[in-house]
Amino acid sequence: MDRGAYLSRRGGGLLVVVLLLLLTSSLEFEEAYAPFMDYVSHFGYPVEEHFSTTSDGYILRMFRIQAKGSGAIVKGKKVVYIQHGLAGSPEEYVTNSEDKAIALVLANAGYDVWLGSNRGNKFSRNHTKLDPSKDYDFWKFSFQEFSEYDLPANFEYISNTTGQEKLNYIGHSQGTAQMFAALSIQQPVILAHLEKFIALAPVVHLRHLTNQGMRLGAMTQLGGLAHLLKLGEFAKYPVGGSSFGSLLCKYVPSICRIELGLQSDADPSVLNIDRYYVFKGHAPSGASAQSMMHFSQLINDPKGIFKKFDYGHKNQQVYGSPTPPIYDLSAIKTKVYMLVGTQDRIADATDASRLRDELPNHEYKEIHHGHVSMIFAASTDVTDYVLEILGRDTKLMN
């Protein structure tokens with residue numbers, strides 16, 4: 001057989017294999033690409049979607065989950081509200097194995113679980129007046145606006161819907177930053193309704209960040225360039241799902257393990273890499289360039305100060321001062337339960353220790369986890385910790 005015929009025959013064989021894989025996957029439930037409601041329902045959990053509207057017109061989608069096989073959603077359960085990180089989404093908290101996915105674990109433990117989606121996320125791309133595909137003004141936000149508008153709107157909506165005066169809050173990464181900001185400014189709705197605040201991989205100070213992609217972006221001011229070009233959206237979710245990334249992680253997981261080791265988790269062995277292709281199929285979920293700019297400002301600050309967005313020459317107009325206000329972390333009276341990963345390339349333990357020392361009331365614990373493995377681990381260390389904290393002085397309703 002000549003070389004051309006051999007290659008042709010071999011290529012035909014590979015094509016058959018690819019077609020068989022596609023046919024097989026089409027006959028199965030596609031966890032990596034299933035819409036949120038379909039995914040959760042498929043595994044037997046009652047789920048609802050809800051919408052809140054912020055005082056500045058953003059329409060935010062939330063999801064509500066209760067115990068597997070329990071039928072309809074009911075009132076009377078203790079509430080846990082989970083908030084995602086930068087370019088993340090509620091999907092991150094349900095796509096790990098059922099015994100490790102924090103939203104499912106909490107639902108099965110008897111909690112009324114709510115998952116929020118910040119403005120600009122793929123689930124919250126609506127506004128009473130602005131169109132995200134046409135109006136650049138839609139994208140003028142960062143965690144500062146999440147703290148001032150999104151969190152209060154969601155807290156109030158959840159409290160009114162459930163009849164529960166107090167809510168437990170779990171933030172991951174940026175989800176912690178927006179709560180720290182809200183508590184620093186003494187946001188009244190949050191203070192009225194917050195019971196416990198659990199901070200997973202807390203992001204406030206970023207002086208010791210070792211994620212080289214984020215550091216390079218901060219050094220080169222990529223967010224600022226996007227702002228100048230009026231490119232409002234950052235990390236937009238791919239149409240049809242992140243198919244390539246998901247398939248790569250499924251069939252060549254070593255590549256994704258290396259990527260995670262360089263960008264988020266110094267020890268990627270802690271991750272549930274066998275399920276990471278499902279996580280990857282739902283990511284990234286969208287954010288604003290201004291959000292990236294705000295974090296770049298924190299990374300570049302020589303003192304690592306946690307402060308509001310720096311508008312440059314417009315600071316005087318916006319804040320009444322030439323520099324952006326600093327968030328006063330010492331003003332936070334709520335007890336903060338901090339879970340910090342010693343392998344985290346973003347929320348470095350040294351920076352987290354500094355935050356701990358600035359908080360008047362805290363409980364601090366370090367574990368051998370990274371940034372992504374804090375919500376997508378191979379172990380139950382994180383969920384065990386969260387259940388233990390929530391279970392203190394708490395009586396669950398049936």
Side-chain angles (χ1 to χ4, degrees), residues 50-62 79-86 88 114-121 124 127-128 140-200 202-205 287-288 290-291 294-295 297-298 305-311 315 318-321 324-338 355-356 358-362:
H50 293 259
F51 297 88
S52 69
T53 302
T54 67
S55 60
D56 60 344
Y58 286 83
I59 300 170
L60 312 176
R61 186 181 306 187
M62 292 180 284
V79 175
V80 178
Y81 169 24
I82 303 174
Q83 188 61 56
H84 62 78
L86 181 66
W114 291 71
L115 299 107
S117 300
N118 286 322
R119 62 183 67 190
N121 174 274
S124 298
H127 192 277
T128 55
K140 292 182 179 180
F141 59 79
S142 70
F143 68 80
Q144 181 172 323
E145 283 69 32
F146 303 158
S147 71
E148 296 172 5
Y149 301 102
D150 294 19
L151 284 182
N154 285 348
F155 263 66
E156 197 160 45
Y157 181 93
I158 294 171
S159 180
N160 289 338
T161 302
T162 62
Q164 298 290 314
E165 184 66 21
K166 293 293 185 178
L167 319 177
N168 294 292
Y169 180 88
I170 300 173
H172 173 244
S173 190
Q174 179 186 252
T176 69
Q178 64 197 76
M179 180 54 80
F180 282 119
L183 293 174
S184 295
I185 63 173
Q186 303 288 295
Q187 210 294 320
V189 174
I190 303 302
L191 294 181
H193 294 296
L194 179 62
E195 184 167 358
K196 292 179 180 178
F197 171 23
I198 299 176
L200 306 179
V203 170
V204 166
H205 305 299
S288 70
Q290 185 162 314
S291 289
H294 199 167
F295 281 115
Q297 291 171 2
L298 299 184
I305 296 173
F306 188 49
K307 56 189 177 183
K308 293 189 176 185
F309 187 81
D310 191 341
Y311 290 97
N315 282 334
V318 177
Y319 303 120
S321 64
I326 295 172
Y327 287 113
D328 183 6
L329 297 166
S330 68
I332 299 176
K333 306 307 179 187
T334 301
K335 185 172 184 177
V336 181
Y337 299 88
M338 300 174 63
L355 169 62
R356 174 198 62 200
E358 293 170 322
L359 295 171
N361 193 3
H362 62 268

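Along the sequence shown, residues carry numbers from 1.
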Minimum side-chain heavy-atom gap [X]-[Y] below 4.5 Å:
X      : Y      : value
Lys333 : Asn361 : no
Gln187 : Leu151 : no
Glu195 : Gln164 : no
Gln83  : Asp150 : no

What is the distance from atom [atom1] of [X] to atom [atom2] of [Y], rounded to the nearest 0.5 Å?
X      : Y      : atom1 : atom2 : answer
Ile198 : Met179 : CD1   : CE    : 11.5 Å
His362 : Lys335 : NE2   : NZ    : 9.0 Å
Gln174 : Ser142 : CD    : OG    : 8.0 Å
Phe143 : Ser291 : CZ    : OG    : 9.0 Å
Ser159 : Leu194 : OG    : CG    : 12.0 Å
His127 : Thr53  : NE2   : OG1   : 9.5 Å

Practice task
Decide side-chain contact (heavy atoms from CB on, under 4.5 Å) for Ser321 and Asn315; before the verdict, give the C-alpha distance in whole Å, the side-chain angles of both, and the deciding distance to 0.1 Å.
Solution key: CA-CA 6 Å; Ser321 64; Asn315 282 334; 5.6 Å; no
Practice task
Determine, for Asp56 against Arg119, whether the closest basic-nitrogen to carboxylate-oxygen distance falls under 4.0 angstrom.
Solution key: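 So Asp56 pairs with Arg119 through a salt bridge.
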Minimum-distance pair of heavy atoms, taken over all atoms of [X] and [Y]:
X      : Y      : answer
His193 : Glu165 : ND1-O, 2.7 Å
Ser117 : Ser124 : O-OG, 2.9 Å
Leu355 : His205 : N-CD2, 3.9 Å
Asn121 : His84  : ND2-NE2, 3.7 Å
Gln290 : Glu145 : NE2-OE1, 4.5 Å
Pro152 : Ser147 : CD-O, 3.5 Å

Practice task
Look only at the side chain of Gln178 and the backbone of Gly171, and say whether a donor-acceptor pair between them is shorter than 3.5 Å.
Solution key: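 Looks like no, no N/O pair under 3.5 Å.
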Practice task
State whether the side chain of Lys166 and the backbone N or O of Ala192 hold a donor-acceptor pair below 3.5 Å, judged by distance alone.
Solution key: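 The answer is yes, because a donor-acceptor pair under 3.5 Å joins these two groups.
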Problem - Verdict with supporting geometry, Ile158 and Met62, side-chain contact (heavy atoms from CB on, under 4.5 Å) - result: CA-CA 9 Å; Ile158 294 171; Met62 292 180 284; 3.9 Å; yes
Problem - Identified ring pair (Phe, Tyr, Trp, His ring centres under 6.0 Å) partner of Phe146 from the options Tyr58, Phe141, Phe309 - result: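 Among Tyr58, Phe141, Phe309, the one that satisfies the ring pair (Phe, Tyr, Trp, His ring centres under 6.0 Å) with Phe146 is Phe141.
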Exercise for the section: Using ring pair (Phe, Tyr, Trp, His ring centres under 6.0 Å) as the criterion, point out the one residue from Phe155, Phe180, Tyr337 that pairs with Phe197. Expected result: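 One option only clears the test, and that one is Phe180.
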Handout entry: Heavy atoms from other residues, nucleotides or ligands near OH of Tyr149 exceed 12 (cutoff 6.0 Å)
Key =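 No, because the 6.0 Å sphere around OH of Tyr149 holds 12 heavy atoms or fewer from other groups.
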Problem - Centroid separation Tyr81 to Tyr157 less than 6.0 Å - result: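 No, ring centres 6.0 Å or more apart.
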Problem - Candidate list Leu298, Ile305, Leu329, test side-chain contact (heavy atoms from CB on, under 4.5 Å), partner Val204, passing option - result: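 Filter result, single survivor: Leu329.
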Practice task
Decide yes or no on side-chain contact (heavy atoms from CB on, under 4.5 Å) for Leu167 and Trp114, but give the supporting numbers first.
Solution key: CA-CA 10 Å; Leu167 319 177; Trp114 291 71; over 6 Å; no
